[in-house]
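Worksheet: the structure to be examined is printed underneath.
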Amino acid sequence: MDGAIEAINLTKYYGKILAVDNISFEVERGEVFGFLGPNGAGKTTAIRLLTGQMKPSSGSAIVAGFDMTREPIKAKRLIGVVPEVSNLYDELSAWDNLIFAAQLYGVPRGARGMRAKELLEFIGLYDRREDRVGNLSKGMRRRLTIAAALIHEPSILFLDEPTSGLDVESARAIRGLIRELNGRGTTVFLTTHYIEEADHLCDRIAIIDRGRIVAKDKPEGLKSRVEGRTAFDISFGPRGGPVDGLAALDHVKEVSKLGEVFRVYVGDVTGFLQALADFARGNGLEITSINTVKPSLEDAFVRITGLSPEVMRVEKEPARRGDVGYSSH
Amino acid sequence: MAIAPIEHLLRALYIAKKDAKAYYFKAPNLTYALLMPISLFLAFSIAGPIDPKSITPGLTSLVVLFGTTSIEAVAVVLEKQTGTFERLLVAPVSLSTILLGKILAGLLFGSALGIAIFVPLALALGIAITSLPMALLAIALSSLSSSALGVLASAHAKWVPEAQMLANFLRFPMTFLSGAFIPLELMPPQLQFIARLLPLTYSVEALRISSGGPMTMTTFLLDMVALALYSLAFLTIAGYALKKKIE
């Protein structure tokens, strides 16, 4: 197999609950592939199955050319895993955490210090290397968790909700890191419930809902599924009469007001533009701006899943103590 | 490209070293390891009619038991709670290597505690140590079986208090039924039978033999075999329980 990751009919039951339902997909080498879905959709379970933290009820995962059930240790040598909750040793320093990770992954003794130094510089924490991890900020810990996952120079990096719960600045820094790593050739598999993040980071996206993949495509491909419903954002100047008649124009399907801007969904574009010009002239209105609105990934997500975008804004509850690493999904 | 057995052992040692650095030799752990056995020792030897010399092996075994089981509860359950156990699971190491690392750390910690109690007490009380290597072996295997017992308790627990409770469920009967303070021969036959089911009994007996006790070398060797078998059984069950949770 030339691909980096292949999931074949992967299924996972927790007792009678079906968490991952017969999913199949391939990730090419050098690609950023994202699992997009609301919390509880099965993203974390899927990543745990792909990284050998749990066994599937049926189906298989081929990662870096190895079957994760039959040859997990060989596969694990070639992957790095960044869980949603930074799982470093709070009691140890940043440096000691990286050295322990290097020892665990069999990095040769002579190379450990050099790799740790390079990575700490890469994530901008070299000056904090002697600090206990428990004293670092959440964003710093997440960056350090990524560094720990890179210590053995894996060809594939798995990230579960890499920016979840982080402030804007830290999230931006993490996204920058992911782009840079991918630029260096690392294949990235990530899960996210942030639609914009998936749009900006991923080459391809699989939308997952209730354990099933409901769509799988490039972001543009997903967006094109909702095209055919062109929209314009139109602003009028202060002069002129009321604009209530906008909704009654020919070819207009729907009008919504976003502040001072009217978003108008239309059928026939040419017909609408002619009608709009006549409408403005007839009412003495000045059109100050008119922009075509392209369908967003959020529009596509809503259309494909039937879910409200609000569902995606619900943050996950803090993981229950005692469950981490096993049963949350 | 399989990982060589020596590499597995090395990684187990790294896990043990990390555990020692992160969790062991901290004041609360040491206090818990020493507090209960020393209180009982003082209660029996000062307030009671028993010669402190005769219960020194029992005290040593108890310190080892309390010390290692407490620390294993922290070292395994806390790792599960904070998610660091996941870090070990995604690494190219088997569950057996992880468990080996855990009990290696317990073995070293328990042995250090046992020696730190046994040798000074023996010198202070004038106990004749028949064979120091035998005493050290007894302490080491006691530490191993106690570590394995701690891992077993923590494999079934979701958080530290639950692991401590499970460990107490096993530790308290052992404290009084293993001959640590009350000699086995003074117990009724039914209790003697129960005592023979408890690993601590073999630990106390072996330490007694190595410090001038009346029994034979054969008994000592049987004690060692019993402790080794208990260790293996506890670890196998713990490994099975953890594996079930992962699957």
Any idea which heavy atoms bring [X] and [Y] closest together, and the distance?
X      : Y      : result
A:L92  : B:K18  : CD1-CG, 3.9 Å
A:V81  : B:V90  : CG2-CB, 3.9 Å
A:Q103 : B:K17  : NE2-NZ, 4.3 Å
B:R87  : A:L104 : O-CD2, 4.4 Å

Residue selection (most heavy-atom pairs with chain B, distance under 4.5 Å) from [options]:
options                     : result
A:I99, A:T145, A:D96        : A:D96
A:K76, A:K55, A:E71         : A:K76
A:G106, A:A75, A:G52, A:S57 : A:G106

Approximate separation, where rounding is to 0.5 Å, of [X] [atom1] and [Y] [atom2]:
X     : Y     : atom1 : atom2 : result
B:Y23 : A:Y89 : OH    : OH    : 5.0 Å
B:L89 : A:R48 : CG    : CZ    : 9.5 Å
A:E91 : B:T82 : CD    : OG1   : 7.5 Å

Just wondering, more than 12 heavy atoms not from A:R184 lying within 6.0 Å of its CZ?
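Enclosed.
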Side-chain touch A:F100/B:K21, heavy atoms, less than 4.5 angstrom
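When only atoms from C-beta onward are counted, B:K21 and A:F100 do not touch, as no gap falls below 4.5 Å.
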Checking heavy atoms, do the side chain of A:L88, its backbone, both or neither come under 4.5 Å from chain B?
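When you check distances to chain B, atoms from both the backbone and side chain of A:L88 fall under 4.5 Å.
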Please check: side-chain N/O of A:N87 versus main-chain N/O of B:G83, any donor-acceptor pairing under 3.5 Å?
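Yes, A:N87 side chain to B:G83 backbone: donor-acceptor pair under 3.5 Å.
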Answer with side chain, backbone, both or neither: which region of B:T97 has an atom nearer than 4.5 Å to a non-hydrogen atom of chain A?
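Neither part, no heavy atoms under 4.5 Å.
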So what's closer than 4.5 Å to chain A heavy atoms on B:L10: side chain, backbone, both or neither?
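Neither part.
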